[in-house]
Amino acid sequence: MRQTRGDPMPARSIEQVRNLCKRRGFVFPGSAAYGGLGSFWDYGPLGVEMLNNVKKAWWRNVVYERDDVEGLDAAILMSRKVWQHSGHEATFSDPLVDCRACHARHRADHLTDDTCPKCGAPALTGPRSFNLMFKSHVGPVEAAAGSEEEMASRVYLRPETAQGIFMNFAHVQRSLARKVPFGIAQVGKAFRNEITPGNFIFRTREFEQMEIEFFIKPPQFVQPGEKTDEQWHAEWVEQRYNWWLSLGVEEGRLRRRAQEAAELAHYSKATTDLEYLFPDFGWGEVEGIANRTDYDLSAHSKDVPPEDLKRLKLETNADSVEKLDYFDPDAKARYVPWVIEPSAGATRAMLAFLCEAYHEELTKEPPAAEVDAIRAEIPAVVKNADKKAKEAEKARAKNEPAKHDPAAIATFCVALEEAAARLPQSLLEVAALLEDHPGAQNLEPVKKLAPKVVKLAEDCTRVVLKLHPTLAPVKLAVFPLKKNEAAIVDVAKRLKHQFQRFFRVAYDDSAGIGRLYRRQDEIGTPFCITVDFQTLEDNTVTVRERDTMKQERVKMEDLKHLLFTRLHMG
RNA sequence: GCGGGUGUAGCUCAGUGGUAGAGCAUCACGUUGCCAACGUGAUGGUCGUGGGUUCGAGUCCCAUCACCCGCUCCA
């Protein structure tokens, strides 16, 4: 069902976005020639551009535009000890039990007793822990799983980029002579062997993270007037929230949600999630800002005082050869810094931005005769729906299975009549209601009317990705108005070459001008330039803007300034 | 992993046991030139994969893989 919040209308379903992604080269299913491999996706020519743009926008915001953050790119494979002491080997797992009777699977920590919630049989297996980390080995090992030799060479593909930052805390601090507070930012792949991935690229087994570990004074060293860990946490939540808004996410579809105590990860004192209102599955986390305290740096340190181990529920680390602490020259004290961690999913961000940007718009007035015909059929649809609703209620009163849901039908009828009254402007809404509304299911008149309305809507509609220019995979398209006119083609190609050193530029001459514009709308290209006969006379071209479809005549010498300004590159 | 659904041309889908189709897209030639133009022609599918039933399988059966919707998930 379509989202009613926000204006104008964003994607109604992940399916729309999926289709567009596949058709236009954003995201393809992985290993396709072999029938695919669960939950791995490949990023096509436009996908890699857009994902890079997301990561660049993040990097610019948290590294370049700040005075207190440095970058890092750590190895994906790290010593197994990292994951032993970070707690991931022991706790980054879902404890699962199977029902011997009905073969249902449940999370052990979600059960209240030892009976199966599905069939009630007291036949549950003991809990088995499915660790979410992918295993591999360093060196040529072919030993049996779990053997001493196997364990000795075992490594994990990192399930989060954060630990690479903790390993390098002291390196970065010393090599750049940084003083706390400061942060380290990293973008990179992470891997989790999810038991149930899904929702396109929302939850995958290989994904990309954008993480910051921001190191601050522990509470006991904070002087009056300095920010506490809670204040830093709150500030980062606001900073990060505003970043999403600055790239075009509508406020009504982004929220901050503080996690309940029971939800918190083993390392976290407090976590606030940023959630985006996705189509189909609703609110989904796109970023988490955690207060990780001094848990991680202490966990990886030798010689941690017993009182700190006790406070953090840690064991003495006999493997570590370093203490990951810091001498604070102002406080004249040595301490293990606390950490605020804003951690976002880059691939998830791309999905959120795509959903947000996806729009279908009426671009021309539908023929009045056809609109009248549709309008005339609405009362019959509503009448029939009412009838079916009453039948369903009767059936329900007699405890017979009902074919319809009266409540859904009621909301459908109200919405349909309301939308129909606003035809023809509401043509897309009417089409969406007839196609998607739960109350419209299995109604004969709807089945007859829907294809007609959908067809008409499609004929009068364009699909446009209203991406923030920073995120758009292609920033500019250049068209020759006449492709067999050598002089026009020359100028168009020259323009393409002039700008392709700054950003991705498309050149297309394989259709009429209207279709060329539509193609670019669909992938979110902010500007199209058309070269025509007039160009040859006065050196001007037509610049057409994606969202407004407005055109203006611009001197070629002014193009660079105009484009840079409007693409936010100035 | 369990339940429900889907899988046919690049895309959207039709095809319910009898010679694999349509629209769109793509390519060529011609025509047109500022918002999804037109004509003619062409390319394109071992019907997800592997078995089975049958004289004959896209269609029926079994298995398997992938995706979607639920259970689950903490980027």
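Letters A, B, ... mirror the listed sequences (proteins, then strands); counts begin at 1.
Under 3.5 Å, the side chain of A:E285 and the base of B:C74 form no donor-acceptor pair of N or O atoms.
With sequence neighbours excluded, no residue satisfies salt bridge (Lys or Arg N to Asp or Glu O under 4.0 Å) with A:R515. A:T272 pairs by the side chain to side chain donor-acceptor pair (under 3.5 Å) definition with nothing, not counting sequence neighbours. Scanning for salt bridge (Lys or Arg N to Asp or Glu O under 4.0 Å) contacts around A:R462 gives A:E361, A:D521, with sequence neighbours left out. Judged as a salt bridge (Lys or Arg N to Asp or Glu O under 4.0 Å), and not counting sequence neighbours, A:E285 has no contacts. The side chain to side chain donor-acceptor pair (under 3.5 Å) check on A:T542 picks up A:R553, with sequence neighbours excluded.
In this structure, CD1 of A:I14 is placed 11 Å from P of B:G70, rounded to the nearest angstrom. When rounded to the nearest whole Å, the span between CZ of A:F191 and P of B:A75 equals 16 Å. If you take CZ of A:R192 and P of B:C74, they are 6 Å apart, rounded to a whole angstrom. Between the P atom of B:C65 and the CZ atom of A:F40 lies a distance of 15 Å, rounded to the nearest Å. To the nearest angstrom, P of B:C67 lies 6 Å from CH2 of A:W41. For the pair A:D280 CG and B:C69 C1', the interatomic distance rounds to 9 Å; values are reported in whole Å. To the nearest angstrom, C1' of B:C74 lies 14 Å from CZ of A:R255. One interatomic measurement links the two molecules: CG of A:L157 to C1' of B:A75, which rounds to 16 Å at whole-angstrom precision.
Rounded to a whole angstrom, the distance from the P atom of B:G45 to that of B:U31 is 32 Å. Remark: the separation of the P atoms in B:G23 and B:C38 is 13 Å, to the nearest Å. Rounded to whole Å, the P atom of B:G5 lies 13 Å from the corresponding atom of B:C60. For the P atoms, the distance from B:A9 to B:A20 is 16 Å, rounded to whole Å. Comparing B:U49 with B:A66, their C1' atoms sit 10 Å apart, to the nearest whole Å. Between the C1' atoms of B:G4 and B:U8, the separation comes to 22 Å (whole Å). Distance noted for atom C1' between B:U43 and B:U26: 8 Å (whole Å). Taking atom C1' on both nucleotides, B:C55 is separated from B:U19 by 16 Å, rounded to a whole Å.
Taking for each of A:P29 and A:E341 the nucleotide of RNA chain B with the nearest heavy atom, the 5'-most of the two is the partner of A:P29.
Judged by Watson-Crick or G-U wobble contacts below 3.5 Å, the nucleotide B:G3 has B:C69 as its partner. When both pairing distances are held under 3.5 Å, B:C27 makes a Watson-Crick or G-U pair with B:G41. Of the nucleotides present, B:C13 is the one that pairs with B:G21 by Watson-Crick or G-U wobble criteria, both distances under 3.5 Å. Base-pair partner of B:A75: not found among the strands shown (Watson-Crick or G-U wobble, both distances under 3.5 Å). Across every strand in view, B:C60 sits in a pair with B:G52 that passes the Watson-Crick or G-U test at under 3.5 angstrom.
Side-chain contact check for A:E360 and A:Q16: at least one donor-acceptor pair (N or O, by modelled atom type) lies under 3.5 Å. With no hydrogens or angles considered, a side-chain donor-acceptor pair links A:Y517 and A:T530 at under 3.5 Å.
Note on residues 48-60 of chain A: pairs passing side chain to side chain donor-acceptor pair (under 3.5 Å), not counting sequence neighbours, are A:K55-A:E208.
Ring to ring, A:Y276 and A:W244 are not that close: their centroids are 6.0 angstrom or more apart. Residues A:F202 and A:F281 bring their aromatic ring centres within 6.0 Å.
In this structure, A:E263 reaches the bases: a heavy-atom distance under 4.0 Å links it to at least one base atom across the strands shown. Base engagement by A:Q259 is indicated by at least one non-hydrogen atom pair under 4.0 Å involving a base atom. Residue-level contact check: A:T272 touches neither bases nor backbone, having no heavy atom under 4.0 Å from any strand.
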Could you pull out all donor-acceptor pairs under 3.5 Å where a side-chain atom in residues 486-494 of chain A meets a protein atom, sequence neighbours excluded?
none

If you restrict it to nitrogen or oxygen atoms, what contacts under 3.5 Å exist between nucleotides 4-11 of chain B and the protein, and what is each distance?
from: B:C11; atom 1: OP1; to: A:K22; atom 2: NZ; distance (Å): 3.0

Open item on the list: Strictly under 4.0 angstrom, non-hydrogen atoms only: write out the protein contact profile of nucleotides 24-39 of chain B, one letter per nucleotide from the 5' end, B, S or -.
Closed with: -SS------BBBBS--
